Structure formats: C-alpha cells, structure tokens
Amino acid sequence: MKKRILSMGVALGMMASMMVGMTAQAAETWTVTCPWAPSGVAAMVSQQAATKSTEYSDDLILVAEAVKGDAATVNTWVASNQAGDNSLVFAGEGLLSITSLLDPAKLQFDYENFAYVENLYSSIFVLSAEASLGLEGVEALEAYVESGEAISVAVNGATGSEAFLAAALFGAMGAGDQLKLVPYESAAEAAQAVAKGETTFAVSHQSQIQETYQQGDVTIVCAFDESALENGPFAGVEGVGEYGYPYFRNRCFVMAPAGTEEETVTALRTLYDDILADEEVTSWLQDTMLLEVDTMTEEDVKAHIENVKAIVEEYEEIVAG
C-alpha cells in the first residue's frame, strides 16, 4: 500500500513538473529592438518594461535589445521580420516624419510595414537659455527675439526633432534668418553646450537639462507642448502652444511586423498598457525620467506623424538650408 501511495505521489509530482514545463513553453518571448543609443531614454524605458512584463503576463515575455543604430537598423529589422515572428521594434517621428521627407532613400520601409502596438512614452522637450540672459516665459523670449540679438541653439543632430522644434519656434516668431542651429553628436552634449556659453539656447529632454538647471547655469524658457508642464521640477513652465506656436512631443512607438494577427497585437498592447499603468513605473517615468505616460490610438499616431511632417515641410529650409 505504501508503495502504491509512493508511486501515486511520484506520478503526481511528474505531472506537476510537466504542467510547469508546458506553461513555460507556452510563454512567448518577444525581442524588443531599440535602434537608438543603448544608454538613451528609449533603451532605459524598454528595459524597465521588459523587467515588469513577467509580473503582468504568463504568456508574453518582453526582452529588451538595445543597439547603436539608425534608419539602417530598422531597414534590417523590416527585411528580417514578418508576421508570426516574435519581434518588436521602436519607431518615431524621427524616421516616419523627418527622414521620410528629408532623405527618403535611407528608408526601405514605410508605416505600412508595421502593426502599431502602443506608444511607450512621450517626452516634452524644453528650451533652455544661458542663465545671464534671465529669460523665463514665452513673452520674455519674444522680447529677446524682437531685440534682434543673435540666436544660436544647441541641438542633437543637424536634422533631428530638436532642430525642427527650434526652427519652428524661432521661425514662427519671424527670426528664422537670425537662427543658427549648432548640432552636437548627442543629446547630452547639446544640453550642456548652453551652460558652457557655446550657444545662447538649447533644446533638450527635460532630464538632460535638469542638473545644469539645478546648478543655476541655465533658465528654462518654455516647453514644446500645448500647455504648461504639470509634473517634475519644471512644473509650471509655459507651453509654446498656449501662444499659438507649433510644437510636437517626442514619441516612441512599439511596432510589430505588418500582418501580425490582431489578437496578438491586442495582447501585446494590453501587456504594455498594464505595465504603463503600474504605479512604480508611472512614478519612475515622471519623477526620474521626466517622461509622460501617453497611450495612443492608431489614429492619434497617424495624426502625430502628419503634424510633424507639416512642421518639417514648413521649416525645412531653416534646418536643411
């Protein structure tokens, strides 16, 4: 009798092990490629989401993969992945709105090559000024522009989002001919340039200018958004949209290969939405990274892409010459 009980126990144990194994096998691993700086904002947020994924799904596991890349990286991803492959990639207005217009030959894809999943975050850029200028607020900036002073703005890359935001703001103020864009190789370098007196202004992510601001080397003039900032150390800083000036947020779209089953896309979106609703993640995004949780519908995404394209088309001459 004892042997029979023992045998039953062993059998039950084996069945439990098999069930665990089957559950583990049932979980799908999705590799999330970040084709930008491995130490950048997107890569850090992607890693945070991957870490949280196992808490919110028994079926889907996210694995963050950051590579130092650009449009060519996404070209390779599109060519190498198709519906049914467990692979995701990030795209944003830099590729879909700027490169697609300024240098379309670099892109071997378009929006139709992707199935949109979710917007990972939104970054609201800010305009900082060298501290001795004492500029705070849009009206103070307008007065500075009207004085005819030279305007030099540090930006990340010659034709990136920051360059077009600067061109749109100063161009809309009628100062396009006074504007000198000074490109740097990284966003962090651009954010520091204004404090060193290399430029009079800089456009940067909030997190990249925070330390310089706290040291008193710069003032924060305005934010590139529709209204004043609500969170973080720059809460209350005016948005240029309040004065009718053009703007856009920097966004990070999670994309699956075109043709991915709708049920799968929905499951991935649900997972990302659950992660982005996590209190720990929300707090980290807002307080540490100074980013916004900003989930979007596909219609929102397409409207964003078209808005940025319109700004690029209007101010291309200032940026690209």
Side-chain angles (χ1 to χ4, degrees), residues 122-158 160-184 187-250 286 290-292 307-308 310-312 314-315 317-319:
S122 287
S123 175
I124 302 174
F125 285 111
V126 293
L127 179 74
S128 55
E130 199 276 315
S132 65
L133 299 178
L135 298 178
E136 294 183 15
V138 175
E139 291 183 357
L141 181 64
E142 290 173 334
Y144 179 86
V145 168
E146 289 175 5
S147 71
E149 296 285 344
I151 302 167
S152 59
V153 185
V155 292
N156 176 26
S161 295
E162 295 96 324
F164 274 98
L165 286 170
L169 178 59
F170 289 105
M173 288 183 175
D177 56 345
Q178 299 169 235
L179 175 63
K180 178 184 178 183
L181 295 172
V182 184
Y184 287 81
E189 287 181 20
Q192 293 300 314
V194 63
K196 297 177 182 177
E198 296 173 6
T199 62
T200 48
F201 299 94
V203 176
S204 68
H205 291 282
Q206 296 173 58
S207 58
Q208 291 161 342
I209 202 68
Q210 182 179 6
E211 182 177 355
T212 304
Y213 168 75
Q214 291 172 337
Q215 292 172 347
D217 296 324
V218 299
T219 59
I220 306 302
V221 183
C222 53
F224 291 94
D225 206 31
E226 62 182 349
S227 56
L229 296 177
E230 296 181 356
N231 304 303
F234 306 131
V237 170
E238 292 181 329
V240 299
E242 297 178 83
Y243 290 82
Y245 293 114
Y247 66 89
F248 59 84
R249 291 184 173 193
N250 173 230
Q286 291 185 348
L290 305 185
L291 301 170
E292 301 284 332
N307 174 54
V308 179
I311 290 174
V312 171
E314 184 168 356
Y315 298 100
E317 187 174 345
I318 295 177
V319 175

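No experiment lies behind these values; they were computed from the predicted model shown.
- The distance from the OG1 atom of Thr199 to the OH atom of Tyr184 is 5.5 Å, given to the nearest 0.5 Å.
- Contact check for Leu229 versus Gln206: side-chain heavy atoms found under the 4.5 Å cut-off.
- Summarising the geometry, atom CZ belonging to Phe164 is positioned 11.5 Å from atom CD belonging to Glu314; distances are rounded to the nearest 0.5 Å.
- Among pairs with a residue in residues 216-240, those fulfilling salt bridge (charged side-chain N to carboxylate O under 4.0 Å, His left out) read Asp225-Arg249, at least two apart in sequence or across chains.
- In this structure a side-chain-to-backbone donor-acceptor pair under 3.5 Å is missing from Glu142 to Met173.
- Contact detail for Val153 and Ala166: the closest heavy-atom pair is CG1-CB, 3.9 Å.
- Ring geometry for Tyr144 versus Phe201: interplanar angle over 60°, hence perpendicular rather than tilted (30 to 60°).
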Handout entry: side-chain contact (heavy atoms from CB on, under 4.5 Å) evaluation trace for Ser204 with Val194
Key = CA-CA 11 Å; Ser204 68; Val194 63; over 6 Å; no
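- In terms of modelled atom types and a separation under 3.5 Å, the side chain of Gln178 and the main chain of Glu149 share a donor-acceptor contact.
- The backbone N or O of Ser152 lies less than 3.5 Å from a partner atom in the side chain of Thr200, making a donor-acceptor pair.
- What you find for Leu165 and Tyr247 is that their closest heavy atoms are CD2-CA, 4.1 Å.
- In this structure, Ile124 and Glu292 have side chains that are in contact, with non-hydrogen atoms separated by less than 4.5 Å.
- Annotation for Ala158 and Val319: closest pair O-CG1, 3.4 Å, computed over non-hydrogen atoms.
- Here the side chain of Thr219 pairs a donor or acceptor atom with the backbone of Leu135 at under 3.5 angstrom.
- Counting non-hydrogen atoms of neighbouring residues, nucleotides and ligands closer than 6.0 angstrom, the CD atom of Glu139 reaches no more than 12 such neighbours.
- Atom OG in Ser122 sits 8.0 Å away from atom CG in Asn250 (nearest 0.5 Å).
- Residues Cys222 and Leu169 are in side-chain contact: their nearest non-hydrogen atoms beyond the backbone lie under 4.5 Å apart.
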Problem - side-chain contact (heavy atoms from CB on, under 4.5 Å) between Tyr245 and Val138, worked out - result: CA-CA 10 Å; Tyr245 293 114; Val138 175; 3.8 Å; yes
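- Closest of all the heavy-atom pairs between Leu133 and Ala129 is CD1-CB, 4.4 Å.
- In terms of heavy atoms, Ala187 sits closest to Gln208 at CB-NE2, 3.1 Å.
- No side-chain heavy atom of Glu198 sits less than 4.5 Å from a side-chain heavy atom of Val182.
- Closest approach of Ile209 and Val218 over heavy atoms only: CG1-CG2, 4.0 Å.
- In the displayed structure, Glu242 atom CD is contacted under 6.0 Å by more than 12 heavy atoms of other residues, nucleotides or ligands.
- Under the 4.5 Å side-chain criterion, counting only non-hydrogen atoms from C-beta, Val308 is not in contact with Ser161.
- Here the options are Leu141, Leu179, Asp177, the test is side chain to side chain contact (heavy atoms under 4.5 Å, CB included), and the partner is Ile151; only Leu179 passes.
- Partners of Tyr213 under the ring-ring contact (aromatic ring centres under 6.0 Å, His included) rule, at least two apart in sequence or in another chain, are Phe234.
- At least one side-chain heavy atom of Pro246 sits under 4.5 Å from a side-chain heavy atom of Tyr315.
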